[in-house]
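Would you mind keeping the following structure in view while I ask a few things?
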Amino acid sequence: QVRLIESGGGVVQAGGSLRLSCTASGRTLSFHAMAWFRQVPGKERELIASMRWSTGSPYYADSVKGRFTISRQIVKPSVYLQMSALKPEDTAVYYCAAQQVGSDTYNIWGQGTQVTVSS
């Protein structure tokens with residue numbers, strides 16, 4: 001069984017930076033993609049960045065494009081999210097997710113980490 005362990009959340013001022021980390025542990029299966037989502041209370045969970053595992057091809061939501069960078073580590077499977085020029089509207093719980101080969105959804109999820117950006 002694969003678990004995703006997240007770290008790096010916290011409180012920062014607008015314009016600041018944070019780096020989120022997510023590492024897979026346990027029995028590792030082949031991944032199709034890994035991604036970062038975020039969710040604000042009362043709103044739908046939003047995909048903000050993803051990466052095809054085999055190629056490293058990234059995707060970014062328009063709301064974070066140019067400010068956030070997703071990257072991966074192959075040997076000990078991990079995905080990172082470097083966030084810069086943070087805005088108060090970036091405040092949310094951020095979730096790491098993985099889509100395993102053979103799944104049509106993101107089927108492995110981290111516990112979530114809070115990111116708060118003050119004005």
Side-chain angles (χ1 to χ4, degrees):
Q1 182 177 2
V2 177
R3 294 184 297 149
L4 301 180
I5 303 172
E6 298 164 305
S7 63
V11 180
V12 297
Q13 290 185 288
S17 298
L18 281 175
R19 182 177 175 87
L20 305 184
S21 299
C22 173
T23 299
S25 65
R27 185 171 180 268
T28 302
L29 301 177
S30 297
F31 294 148
H32 175 69
M34 293 189 74
W36 289 96
F37 291 75
R38 67 186 182 189
Q39 187 168 27
V40 176
K43 297 184 179 180
E44 298 291 330
R45 189 169 296 185
E46 175 190 17
L47 173 66
I48 58 171
S50 66
M51 178 167 286
R52 185 179 295 273
W53 202 252
S54 62
T55 65
S57 300
Y59 160 83
Y60 298 100
D62 287 343
S63 59
V64 306
K65 191 175 297 181
R67 299 188 298 120
F68 291 10
T69 302
I70 189 170
S71 60
R72 79 197 198 282
Q73 177 179 283
I74 301 298
V75 176
K76 184 177 182 181
S78 300
V79 65
Y80 307 95
L81 188 68
Q82 178 65 50
M83 305 183 293
S84 61
L86 284 162
K87 305 174 181 179
E89 51 263 46
D90 294 319
T91 296
V93 177
Y94 284 69
Y95 296 89
C96 177
Q99 181 180 6
Q100 294 177 297
V101 173
S103 174
D104 60 356
T105 64
Y106 285 97
N107 62 320
I108 305 294
W109 292 84
Q111 79 285 353
T113 184
Q114 177 71 44
V115 172
T116 301
V117 184
S118 61
S119 300

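Position 1 is the first residue of the sequence, and the numbers go up from there.
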Search all heavy atoms of V115 against all heavy atoms of L18 and return the closest pair with its distance. CG1-CD1, 3.9 Å
From Y95, W109, Y94, residue fulfilling ring pair (Phe, Tyr, Trp, His ring centres under 6.0 Å) relative to F37: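 So, applying the ring pair (Phe, Tyr, Trp, His ring centres under 6.0 Å) to F37 and each of Y95, W109, Y94, only W109 qualifies.
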Exercise: identify the closest heavy-atom pair between P58 and I70: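 So the minimum-distance heavy-atom pair works out to CB-CG2, 3.9 Å.
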Only pairs at least two apart or in different chains count here, so list each disulfide bond (SG atoms under 2.5 Å apart) that has a residue in residues 81-119.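 Disulfide bond (SG atoms under 2.5 Å apart) check on residues 81-119 returns C22-C96.
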Please enumerate all residues that pass salt bridge (Lys or Arg N to Asp or Glu O under 4.0 Å) together with D104, with sequence neighbours excluded. none
Do the non-hydrogen side-chain atoms of R38 and V64 ever get within less than 4.5 Å of each other?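 A side-chain contact exists here, since the closest heavy-atom pair is under 4.5 Å.
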M34 side chain near L4 side chain, heavy-atom distance below 4.5 Å: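 Yes, at least one pair of side-chain atoms sits under 4.5 Å.
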Sub-4.5 Å side-chain heavy-atom contact between M83 and R19: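 Not touching, per the 4.5 Å side-chain cut-off.
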Do you know which two heavy atoms are closest between A92 and V40, and how far apart they sit?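 Heavy-atom minimum between the residues: CB-CG2, 3.9 Å.
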Kindly indicate, with the supporting measurements, whether the criterion side-chain hydrogen bond (donor to acceptor under 3.5 Å, both in side chains) is fulfilled by T116 and Q114. CA-CA 6 Å; T116 301; Q114 177 71 44; 3.3 Å; yes
Identify the heavy atoms of A61 and E46 that sit nearest to each other, and give their distance. CB-OE2, 4.5 Å
Starting from I5, can I reach I74 by hopping between I/L/V/M/F/W/Y residues whose side chains sit under 4.5 Å apart? no
Among residues two or more places apart or on two chains, list those pairs meeting salt bridge (charged side-chain N to carboxylate O under 4.0 Å, His left out) that have a residue in residues 67-88. R67-D90
4.5 Å side-chain heavy-atom contact, Q73 and S21: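 Contact flag for Q73/S21 side chains = no.
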For V12 versus S17, what's the shortest heavy-atom pair and its separation?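 Scanning both residues completely, I find the closest heavy atoms to be CG1-O, 3.9 Å.
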Heavy atoms of other groups near R45 CZ, more than 12 under 6.0 Å: yes
So do the side chains of E89 and S63 get within less than 4.5 Å of each other, counting heavy atoms only?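 A side-chain contact is absent here, since even the closest heavy-atom pair is not under 4.5 Å.
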When rounded to the nearest 0.5 Å, the distance separating CD of Q100 from OG1 of T105 is 9.5 Å
How would you list all residue pairs meeting disulfide bond (SG atoms under 2.5 Å apart) that involve residues 41-93, not counting sequence neighbours? none
For residues 49-88, pull every pair meeting ring-ring contact (aromatic ring centres under 6.0 Å, His included), keeping only residues two or more places apart or in separate chains.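 Non-adjacent pairs meeting ring-ring contact (aromatic ring centres under 6.0 Å, His included): F31-W53.
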Return yes if some donor-acceptor pair links the side-chain N/O of T91 with the main-chain N/O of V117 below 3.5 Å, else return no.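 It does hold such a pair.
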For Q111, side-chain contact (heavy atoms from CB on, under 4.5 Å) partners two or more places apart: E6
